[in-house]
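First up is the structure itself, then whatever we jot down about it.
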Amino acid sequence: MALGAGVLVVAMVVHAPIAEDWDGLGFVSSVTTYDLAAFSPHPPGYPVYVLMLRAAAFLVGDAALGGALVSAVSAAICAYCTFQMLAPRVGRSPALAGATAGALGSLVLRSSSQVGTEALGLAFLLLSLAFAHDEPAETADRGPDRGADLRTAQWVGLTCGLGLGVRLSWWPLYLGMVALVAGRVRVRALASMAFGVLLWAVPLALLVGPRKLFVLLTTHSQGHAERFGHTLLHDGDVMGHLAALARDLTADGLGIDTTVLGLAIAVVAAASFARFVSLWANGVLRPRTAIALALLAYGIFVLLFQNVIESPRHVVPIVYAGCVAAGVGVATPWRRLPAGVARRRGPLALATLLVLLLGARGAKDGLDRRVTPPLGAQVVALVRGDLSYNANDAAIFGGESARFAIAAGVPGGYAENLADVALAEGAMQHLPKVTYVTNEISFGGPNVELPRGRKLCRPERLDRKHACLWVYVSRG
């Protein structure tokens, strides 16, 4: 419980003060208006997450802060469940190191301190894993207690079903949790999982409308696969997506880069994970095969069907598992040394070093995120800071950055090219005197001569898709 409380405090200290991206802004707006067609939120709707978000927003009076609170509490639950599962199996010190390292992994901590579904999805995943990891109950005269196994199967299935209402794309992982249930009660787990899905799917269909929901889901799925998803099945760039996935896991997942801190994390994390693999190979540690297979299946699914080029958040469960494994591996006592203090002191020092390095990277990223807001928010600040005209006479057009302008009440919106901008301005009741256009849209070709613009940037670690953004101004 102390570990969970500590994780909660750390996540809230470094939490993002506003939504970080298009999806986050959609979640914030869903607190007051639930409309999938307006990406508030985007399909498939995330009903369980939105319900939690609305409850938290009601308690704290702010949607973005409520989203950060949901993520931070979820991170605390993850740490608690991880320690509770590991301690009886590997010992208290390795369990503590594994749970702490998992919570402080760069990408995991970022997800735990902002508006987004990943932390809550991970909490449901680890809750189901904790239920599935309960030791098989036995009675003195009849062997395995079927009643206890049935209760375990019900809880595993229910948490998995509800978890799908948070992160539907994590279905390979939730099915892996069901596979951990004893075979004689697995059908009960699947039935409970279906019941958990119905708990959110039926209200969602009634709220949106069955036909409209079907159209929205199919249209979004098609667009995700072909137009805007940047998936491997769409562009066929195998090596490019493999390289991006590797970067998701290392640079974004752990904070590895060419700085002294990044290189130190690379060395210590690699050595720690290698020791875990060695202990696994030698039979000292025995992780469940179903967990490894579920992570492998999910990794293949992410590589094929998700946007690993621009969105590292899809690998959060894999990064969490890797950090936990590294922490357990490095903190496991060296059995070749004589029993006593020496056997424990070395692993304890290395585990502390691993945790401190991950924590330092997380703290730095958190500070950078608070000091340098998302590029869309910077564009809005740029417009509001221009004192040469009335702010109501300005309009902002761009890609994802335009969502920040809409959220801030600035006229404009999403556009793919200059023709979209002209059409949108023509439909306005008052033609803007000043139009801001970002380089997220097409200007007609590579040889088009552009006016002098303003360059806005953010550390690439915080925004893979748009590390920098050019803003061009048209007055008329």
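Reckoned from all heavy atoms, side chains included, excluding hydrogens, waters and symmetry mates.
Between V9 and V13 the shortest side-chain heavy-atom distance falls below 4.5 Å. Looking only at side-chain heavy atoms (C-beta outward), P312 and V308 stay at 4.5 Å or farther from each other. In this structure, Y174 and M193 have side chains that are in contact, with non-hydrogen atoms separated by less than 4.5 Å. Within the 4.5 Å cutoff, no side-chain heavy atoms of T152 are placed close to those of V185. Within the 4.5 Å cutoff, the side chain of C323 has heavy atoms near those of the L254 side chain. Between E440 and L469, the closest side-chain pair of non-hydrogen atoms falls below 4.5 Å. Looking only at side-chain heavy atoms (C-beta outward), D149 and V181 stay at 4.5 Å or farther from each other. The shortest side-chain heavy-atom distance between D21 and P374 does not fall under the 4.5 Å cut-off.
Without hydrogens or angle criteria, S113 side chain to R110 main chain gives a donor-acceptor distance under 3.5 Å. In this structure, Q306 contributes its side chain and T231 its backbone to no donor-acceptor pair below 3.5 Å. With hydrogens and angles disregarded, no donor-acceptor distance shorter than 3.5 Å links the side chain of S278 to the backbone of A274. Using modelled atom types, no side-chain atom of Q154 and backbone atom of A189 make a donor-acceptor pair closer than 3.5 Å. A distance-only check finds no donor-acceptor pair linking the side chain of T372 to the backbone of R369 [under 3.5 Å]. Side-chain atoms of R370 come within 3.5 Å of backbone atoms of H15 as a donor-acceptor pair (strictly under, hydrogens ignored). A donor-acceptor contact shorter than 3.5 Å links the side chain of R186 to the backbone of A179. One N or O on the side chain of S128 and one on the backbone of L125 form a donor-acceptor pair closer than 3.5 Å.
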*Working for side-chain contact (heavy atoms from CB on, under 4.5 Å), residues L285 and R89*: CA-CA 9 Å; L285 299 176; R89 294 166 175 82; over 6 Å; no
*Between L456 and V379, does a side-chain contact (heavy atoms from CB on, under 4.5 Å) hold up when you go through it step by step?*
CA-CA 8 Å; L456 305 175; V379 175; 3.7 Å; yes
*Applying side-chain hydrogen bond (donor to acceptor under 3.5 Å, both in side chains), run through T82 and Y320 and close with a yes or a no.*
CA-CA 10 Å; T82 301; Y320 186 85; 2.6 Å; yes
*List the steps, then state whether side-chain contact (heavy atoms from CB on, under 4.5 Å) holds for L25 with E20.*
CA-CA 7 Å; L25 288 170; E20 288 282 294; over 6 Å; no
*Kindly indicate, with the supporting measurements, whether the criterion salt bridge (charged side-chain N to carboxylate O under 4.0 Å, His left out) is fulfilled by R247 and E460.*
CA-CA 12 Å; R247 178 176 172 173; E460 190 175 1; 2.9 Å; yes
*With side-chain contact (heavy atoms from CB on, under 4.5 Å) as the test, would you mind laying out the steps for V178 and L190 before giving the verdict?*
CA-CA 7 Å; V178 173; L190 290 172; 3.7 Å; yes
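The heavy-atom pair separating G26 from R403 by the smallest distance is CA-NH2, 3.1 Å. G196 approaches L158 most closely through the heavy-atom pair CA-CD1, 3.9 Å. Residues A377 and I18 approach most closely at CB-CD1, 3.8 Å, considering heavy atoms. Contact detail for L354 and A269: the closest heavy-atom pair is CD1-CA, 4.1 Å. Closest approach of A87 and A95 over heavy atoms only: N-CB, 3.4 Å. Looking at every heavy atom in both residues, R275 comes nearest to V330 through CD-CA, 4.4 Å.
Put simply, NZ on K364 and CG on D368 are 4.0 Å apart, with the number rounded to the nearest 0.5 Å. Atom CG of D463 sits about 10.5 Å away from atom SG of C457, to the nearest 0.5 Å. Here the CG-CG distance, from L217 to L36, works out to 7.0 Å after rounding to the nearest 0.5 Å. Going from atom CG of L129 over to atom CG of L122 covers 10.0 Å, rounded to the nearest 0.5 Å. Taking OG of S29 as the start and CD1 of I406 as the end, the distance is 10.0 Å to the nearest 0.5 Å. Here CG of L150 is found 9.0 Å from OG of S192. Values are rounded to the nearest 0.5 Å.
Remark: L232 engages D235, V238, H241, L303, L304 in a side-chain contact (heavy atoms from CB on, under 4.5 Å) (not counting sequence neighbours). Residues passing the side-chain hydrogen bond (donor to acceptor under 3.5 Å, both in side chains) test with E400 are K465, sequence neighbours excluded. Considering only residues two or more places apart in sequence or on other chains, W200 meets the ring-ring contact (aromatic ring centres under 6.0 Å, His included) condition with none of them. For Y34, the side-chain hydrogen bond (donor to acceptor under 3.5 Å, both in side chains) test picks out no residue, with sequence neighbours left out. Judged as a ring-ring contact (aromatic ring centres under 6.0 Å, His included), and not counting sequence neighbours, the contacts of F27 are H42, Y46, Y49. For E118, the salt bridge (Lys or Arg N to Asp or Glu O under 4.0 Å) partners are R167, R313, not counting sequence neighbours. Checked against salt bridge (Lys or Arg N to Asp or Glu O under 4.0 Å), D237 has no partners two or more places apart in sequence or in another chain.
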Could you give the side-chain donor-acceptor pairs of residues 51-80 under 3.5 Å, partners two or more places apart or in another chain?
unit_1: R54; atom_1: NE; unit_2: S30; atom_2: O; d: 3.0
unit_1: R54; atom_1: NE; unit_2: V31; atom_2: O; d: 3.3
unit_1: R54; atom_1: NH2; unit_2: S30; atom_2: O; d: 2.8
unit_1: D62; atom_1: OD2; unit_2: A64; atom_2: N; d: 3.2
unit_1: D62; atom_1: OD2; unit_2: L65; atom_2: N; d: 2.8
unit_1: S71; atom_1: OG; unit_2: G67; atom_2: O; d: 3.2
unit_1: S71; atom_1: OG; unit_2: Q114; atom_2: O; d: 2.7
unit_1: S74; atom_1: OG; unit_2: V70; atom_2: O; d: 2.7
unit_1: Y80; atom_1: OH; unit_2: Q84; atom_2: NE2; d: 3.2

For residues 287-302, which side-chain N or O atoms pair as donor and acceptor with protein atoms under 3.5 Å away, sequence neighbours left out?
unit_1: R288; atom_1: NH2; unit_2: L180; atom_2: O; d: 3.2
unit_1: Y298; atom_1: OH; unit_2: W170; atom_2: NE1; d: 3.0
unit_1: Y298; atom_1: OH; unit_2: H314; atom_2: O; d: 2.5

For residues 96-106, which side-chain donor-acceptor pairs fall under 3.5 Å, sequence neighbours excluded?
unit_1: T100; atom_1: OG1; unit_2: L96; atom_2: O; d: 2.7
unit_1: S106; atom_1: OG; unit_2: D365; atom_2: OD2; d: 3.0
unit_1: S106; atom_1: OG; unit_2: R461; atom_2: NH2; d: 2.7

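Sorted by first and then second residue, the side chain to side chain donor-acceptor pair (under 3.5 Å) pairs with a member in residues 248-257 read D248-R464, D252-R464, D257-T259, D257-R361; sequence neighbours excluded. Residue pairs meeting the salt bridge (charged side-chain N to carboxylate O under 4.0 Å, His left out) criterion with at least one partner in residues 65-82, sequence neighbours excluded, do not occur; the list is empty.
With respect to W155, the ring-ring contact (aromatic ring centres under 6.0 Å, His included) criterion is satisfied by exactly one of F195, F131, F124: F131.
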